[in-house]
Amino acid sequence: NKVVLYLKDSKKWRKDPGFIIARSVKVSGKDYSLAGSEGIRVAIVLADPIITPSKETLHETQSKLLVVSGLGFTNVADVKITLRPTPAGSYKIIGVLEDAIRVQLLPDRDWLPSFMTLKDEDDSKKILLQVASIDTGAGEISFEQPISIGYIIKDREGVICDDSCEFAFDGVCDDGSEPNDEYYYQNYFNYMDDDMGGFYYEGEYGGDAYGNEQEGDGV
């Protein structure tokens, strides 16, 4: 009552993601069609997940959001990643797109284990952050060579705010000071803070439409 199939070396289940359909089965030399000519869906083939290397920097505790870029991601319920050297209990996945995974640092946690803290280290020191494995719903894939996605650096001294909002450092101040009238022509592209769900605009030709940003409160 069970058939187990094994994928041959250098072969693929499909050329592209989609369903595996069983259309017939042979028993004692006789072929039996399944569900007429339609066949029966027996599995779903997912795309191989790809992690894009990055040199992004994260502050040890002040940076609350990490975005892992790539391709072949599925949904927040199925996706799991293992970061190194971040302890597994220090973060959770809060959002998944086909090309991005949003990872949140949990309250009172650290991107580094306590024995690796940068608290008393020189400001120039940084520690490599890597993805060691990923599961998008079809089983864990462990990378023989972990993929580097950034560096963890020392927290900024004297800074009490963080870059926890989704659009931190994008040139739109998120402290409540942005105008909220989208129809007044002077405010058209400055409408509302990002944290409040406002517009996100980079100028007609992709440049900086807002000028320089400052650290703190996602400004």
Side-chain angles (χ1 to χ4, degrees), residues 1-27 31-58 63-107 109 111-113 127-152 163-168 170 194 197 200:
N1 63 358
K2 182 178 180 180
V3 176
V4 179
L5 303 179
Y6 295 93
L7 187 66
K8 294 182 177 180
D9 291 340
S10 303
K11 298 295 183 178
K12 296 182 178 182
W13 290 112
R14 282 179 54 110
K15 293 181 180 179
D16 49 19
F19 299 126
I20 292 181
I21 307 294
R23 302 191 183 279
S24 66
V25 61
K26 180 178 286 188
V27 179
D31 289 324
Y32 295 89
S33 297
L34 300 176
S37 61
E38 297 296 322
I40 298 174
R41 185 178 71 189
V42 296
I44 299 175
V45 177
L46 303 178
D48 290 338
I50 298 172
I51 303 291
T52 302
S54 172
K55 296 182 179 180
E56 176 185 359
T57 56
L58 295 172
S63 296
K64 306 298 184 183
L65 182 66
L66 165 68
V67 178
V68 179
S69 299
L71 290 173
F73 308 141
T74 52
N75 59 74
V76 71
D78 290 335
V79 171
K80 301 176 181 65
I81 62 171
T82 301
L83 300 178
R84 183 183 294 175
T86 308
S90 295
Y91 60 91
K92 68 176 182 179
I93 294 174
I94 59 172
V96 174
L97 299 174
E98 183 182 1
D99 60 356
I101 302 171
R102 295 173 61 214
V103 183
Q104 182 184 59
L105 184 67
L106 296 176
R109 298 301 176 91
W111 290 111
L112 293 172
I127 295 177
L128 191 63
L129 179 64
Q130 298 177 308
V131 175
S133 68
I134 185 171
D135 182 352
T136 59
E140 184 179 57
I141 299 171
S142 295
F143 300 112
E144 184 175 342
Q145 179 64 42
I147 300 172
S148 301
I149 57 170
Y151 294 93
I152 301 168
D163 55 0
S164 59
C165 65
E166 182 173 1
F167 297 110
D170 67 349
D194 287 330
Y200 182 67

### Taking every non-hydrogen atom, the tightest pair across A47 and P17
CB-CG, 3.6 Å
#### Entry: Nearest atoms (heavy-atom pairs only) where V45 meets W13
CG2-CB, 3.7 Å
#### Entry: Criterion side-chain contact (heavy atoms from CB on, under 4.5 Å) against E56, the qualifying member of L66, I149, L129
L66
### Query
With side chains defined as the heavy atoms from C-beta onward, is the minimum distance between S148 and P53 less than 4.5 Å?
no
### Task
Check whether any side-chain heavy atom of L46 sits under 4.5 Å from a side-chain heavy atom of F73, and report yes or no.
no
### Message
Are the side chains of L105 and S63 in contact, using a 4.5 Å heavy-atom criterion?
### Response
no
### Query
If you look at every heavy atom in L83 and W111, which pair is closest and at what distance?
CD1-CZ3, 4.0 Å
### Query
For T52, does its backbone N or O pair with a side-chain atom of S69 as donor and acceptor, under 3.5 Å?
no
### Message
Quick check: closest heavy atoms across G95 and V76, and the distance to 0.1 Å?
### Response
N-CG2, 4.1 Å
#### Entry: Spacing of CD1 belonging to I101 relative to CG belonging to N75, to within rounding of 0.5 Å
10.5 Å
### Task
Using atom types as modelled and distance alone, determine if a side-chain donor or acceptor of R14 lies under 3.5 Å from a backbone N or O of F19.
yes
### Query
Once you round to the nearest 0.5 Å, how far does OG1 of T86 lie from CG of L58?
8.5 Å
### Query
Can you tell me how far the CZ atom of R23 sits from the CG atom of L34, to the nearest 0.5 Å?
10.0 Å
### Query
Can you find a heavy atom in the side chain of I21 that is under 4.5 Å from one in the side chain of R41?
yes
### Message
What's the separation between atom CD1 in I81 and atom OG1 in T136, rounded to the nearest 0.5 Å?
### Response
12.0 Å
### Query
So how far is it from S24 OG to Y32 OH, rounded to the nearest 0.5 Å?
12.0 Å
### Query
Do the side chain of R84 and the main chain of V131 share a donor and acceptor less than 3.5 angstrom apart?
no
### Task
Using a 4.5 Å cut-off on heavy atoms from C-beta on, say whether the side chain of L106 contacts that of K92.
yes
## Note on the structure
So CZ of R109 and CD of Q104: to nearest 0.5 Å the spacing works out to 12.0 Å
### Query
Can you name the closest pair of heavy atoms from V42 and A22 and give their distance?
CG1-CB, 3.9 Å
### Message
Looking at every non-hydrogen atom in both residues, tell me the closest pair between L7 and K12 and how far apart they are.
### Response
CD1-C, 3.7 Å
#### Entry: L5 and I20, any side-chain heavy atoms less than 4.5 Å apart
no
